[in-house]
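To find a chain, count down the sequence lines: A is the first, B the second, and so on, and within it residues start at 1.
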Amino acid sequence: MDDQTRMLASMGGLGGLSQADVGDPDSVRKQQDIGDILQQIMAITDESLDEAQARKHALNCHRMKPALFSVLCEIKEKTVLSIRGVQEEDPPDPQIMRLDNMLLAEGVSGPEKGGGSAAAAAAAAAAGGSPNDSSIEHSDYRAKLAQIRQIYHSELEKYEQACSEFTNHVMNLLREQSRTRPISPKEIERMVAIIHRKFSSIQMQLKQSTCEAVMILRSRFLDARRKRRNFNKQATEVLNEYFYSHLSNPYPSEEAKEELAKKCGITVSQVSNWFGNKRIRYKKNIGKFQEEANLYAVKTAVDAANVSAQASQANSPATPNSGGYPAPCYTPDGRL
DNA sequence: ACATATGATTAAGA
DNA sequence: TCTTAATCATATGT
């Protein structure tokens with residue numbers, strides 16, 4: 001209402017009519033006519049609701065109404081545009097573009113299941129490793145991702161629906177109001193743009209949190225520490241055998257590592273990890289490993305004895321060379 | 001539930 | 001680049 005009264009006041013003698021008309025007695029009549037209409041419009045708020053309603057209707061049907069309305073729109077257009085300037089165009093937000101790209105890359109916002117699972121399968125293949133394990137892990141991963149994706153889509157749909165509903169509502173409201181106050185199509189457009197901006201900022205939050213969820217999911221599944229599996233018994237046995245039979249220098253060469261890896265069904269770097277852990281842990285607490293050391297010393301001794309076909313003799317183990325690491329204190333009867 | 005074992009990661013150093 | 005040492009996060013045993 002504020003705009004309206006201000007505008008009406010500023011109009012003064014009605015800019016809609018050209019100066020040439022002023023002298024014309026007919027135009028004078030028109031002027032009075034319009035002045036009368038404006039008076040009625042300005043007074044409308046002072047009337048009771050019913051009266052105002054009736055008055056509005058009457059004014060709406062007035063023959064001058066369309067002309068007056070378009071003039072008012074024109075004036076309002078000018079004032080509003082001059083007040084707000086021209087800061088219409090908003091650049092595509094780099095932030096939201098980043099989020100969009102990431103969601104697309106993760107297969108959250110992209111095409112349906114087909115593409116996503118294919119990408120996941122490709123990722124699984126690229127990651128390598130034992131097929132049993134990783135396929136299980138990845139199906140789990142895929143399931144969680146699908147969950148995120150589903151939530152994302154349903155939320156997005158909700159937002160979009162709410163946005164269009166709200167936009168419709170506002171547009172209807174404006175259209176309704178445009179019957180009694182000057183509202184130009186441009187204004188409606190601008191309003192719609194504003195609403196869309198607001199809603200897209202909400203959407204951005206959704207995208208942001210979805211991205212976070214995906215990141216967390218990724219870190220959960222990609223961090224190998226989280227899906228730690230112990231090596232099987234036979235593998236640890238092989239590793240321990242090597243370790244304790246090379247106690248003085250438990251640093252397998254690249255080739256040795258490769259062979260151990262093959263024997264144990266693990267990767268070379270896993271062998272390296274194992275030896276790294278084993279060395280440091282053995283060194284840190286030799287006492288704790290004494291029993292194990294003896295056990296493997298016996299084992300290798302027995303093996304050696306078997307291989308050399310000297311089974312008849314009592315075990316006389318070839319105590320492993322003791323260098324940097326103290327040798328286990330082995331007792332012939334196998335006790336500690 | 002808790003402690004211990006264990007595979008993986010990381011920073012720092014040689 | 002490989003190792004050590006510390007640390008993380010899970011697995012396993014009690």
What is the distance, rounded to the nearest whole Å, between atom CH2 of A/Trp274 and atom P of B/dA5?
15 Å
Compute the angle between the rotation axes at the two ends of the helix from B/dA1-C/dT14 to B/dA14-C/dT1, each taken over five pairs, rounded to 10 degrees.
10°
Please answer whether the main-chain N or O of A/Pro250 pairs with a side-chain N or O of A/Arg279 as donor and acceptor at a distance below 3.5 Å.
yes
Identify, with sequence neighbours excluded, every residue that meets salt bridge (charged side-chain N to carboxylate O under 4.0 Å, His left out) alongside A/Asp100.
A/Lys207
I'd like to check the ring-ring contact (aromatic ring centres under 6.0 Å, His included) partners of A/Phe275; sequence neighbours left out, ordered by chain and number.
A/Tyr242
How close or far is atom C1' of C/dC2 from atom NZ of A/Lys278, stated in whole angstroms?
21 Å
Applying side chain to side chain contact (heavy atoms under 4.5 Å, CB included) to A/Ile183 and not counting sequence neighbours gives A/Leu174, A/Gln177, A/Ser178, A/Arg181, A/Glu187, A/Ile188
To the nearest Å, how far apart are A/Phe231 CZ and B/dG7 C1'?
6 Å
Residues forming a ring-ring contact (aromatic ring centres under 6.0 Å, His included) with A/Tyr296, sequence neighbours excluded:
A/Tyr244
Could you check A/Phe275 against A/Arg281 and say which one's nearest nucleotide on DNA chain C is further toward the 5' end?
A/Phe275
For residues 182-205 of chain A, the ring-ring contact (aromatic ring centres under 6.0 Å, His included) pairs (sequence neighbours left out) are none
Side-chain atoms of residues 157-164 of chain A: list all donor-acceptor pairs with protein atoms under 3.5 Å, sequence neighbours left out, distances to 0.1 Å.
unit_1   : atom_1 : unit_2   : atom_2 : d
A/Lys158 : NZ     : A/Glu155 : OE2    : 2.9
A/Gln161 : NE2    : A/Glu165 : OE2    : 3.4
A/Ser164 : OG     : A/Gln161 : O      : 3.1

For A/Glu254, the salt bridge (charged side-chain N to carboxylate O under 4.0 Å, His left out) test, sequence neighbours excluded, returns none
Tell me whether the rings of A/Phe289 and A/Tyr282 are parallel (<30°), tilted (30 to 60°) or perpendicular (>60°).
tilted
Of the listed nucleotides C/dT10, C/dT4, B/dA5, the one nearest the side chain of A/Lys288
B/dA5
A/Arg229 CZ to B/dT6 C1', straight-line distance once rounded to whole Å
13 Å
Within the modelled atom types, does a donor on one side and an acceptor on the other bring the side chain of A/Asn277 and the base of B/dA8 under 3.5 Å apart?
yes
Ranking C/dT4, C/dA11, C/dA6 by distance to the side chain of A/Arg228, first place goes to C/dA11
With sugar-phosphate meaning primed atoms plus P, OP1 and OP2, does A/Asn273 contact a base, only sugar-phosphate, or nothing at under 4.0 Å between heavy atoms?
base
Does B/dA8 have OP1 or OP2 sitting under 4.0 Å from an N or O in the side chain of A/Gln270?
yes
By nearest-nucleotide position on DNA chain C, the 5'-leaning member of A/Lys284 and A/Pro252 is A/Pro252
Polar-atom pairs under 3.5 Å, protein N or O versus N or O of nucleotides 11-14 of chain B: list them with distances, or write none.
none

Pairing residues for A/Lys257 by the salt bridge (charged side-chain N to carboxylate O under 4.0 Å, His left out) criterion, not counting sequence neighbours
none
Side-chain H-bond candidate by donor/acceptor type, A/Asn172 with A/Arg175, under 3.5 Å
yes
Here the residues of residues 254-269 of chain A within 4.0 Å heavy-atom distance, strictly under, of DNA chain B are none
A/Asn240 CG to B/dG7 C1', in whole Å, measures 14 Å
Please enumerate all residues that pass salt bridge (charged side-chain N to carboxylate O under 4.0 Å, His left out) together with A/Glu51, with sequence neighbours excluded.
none
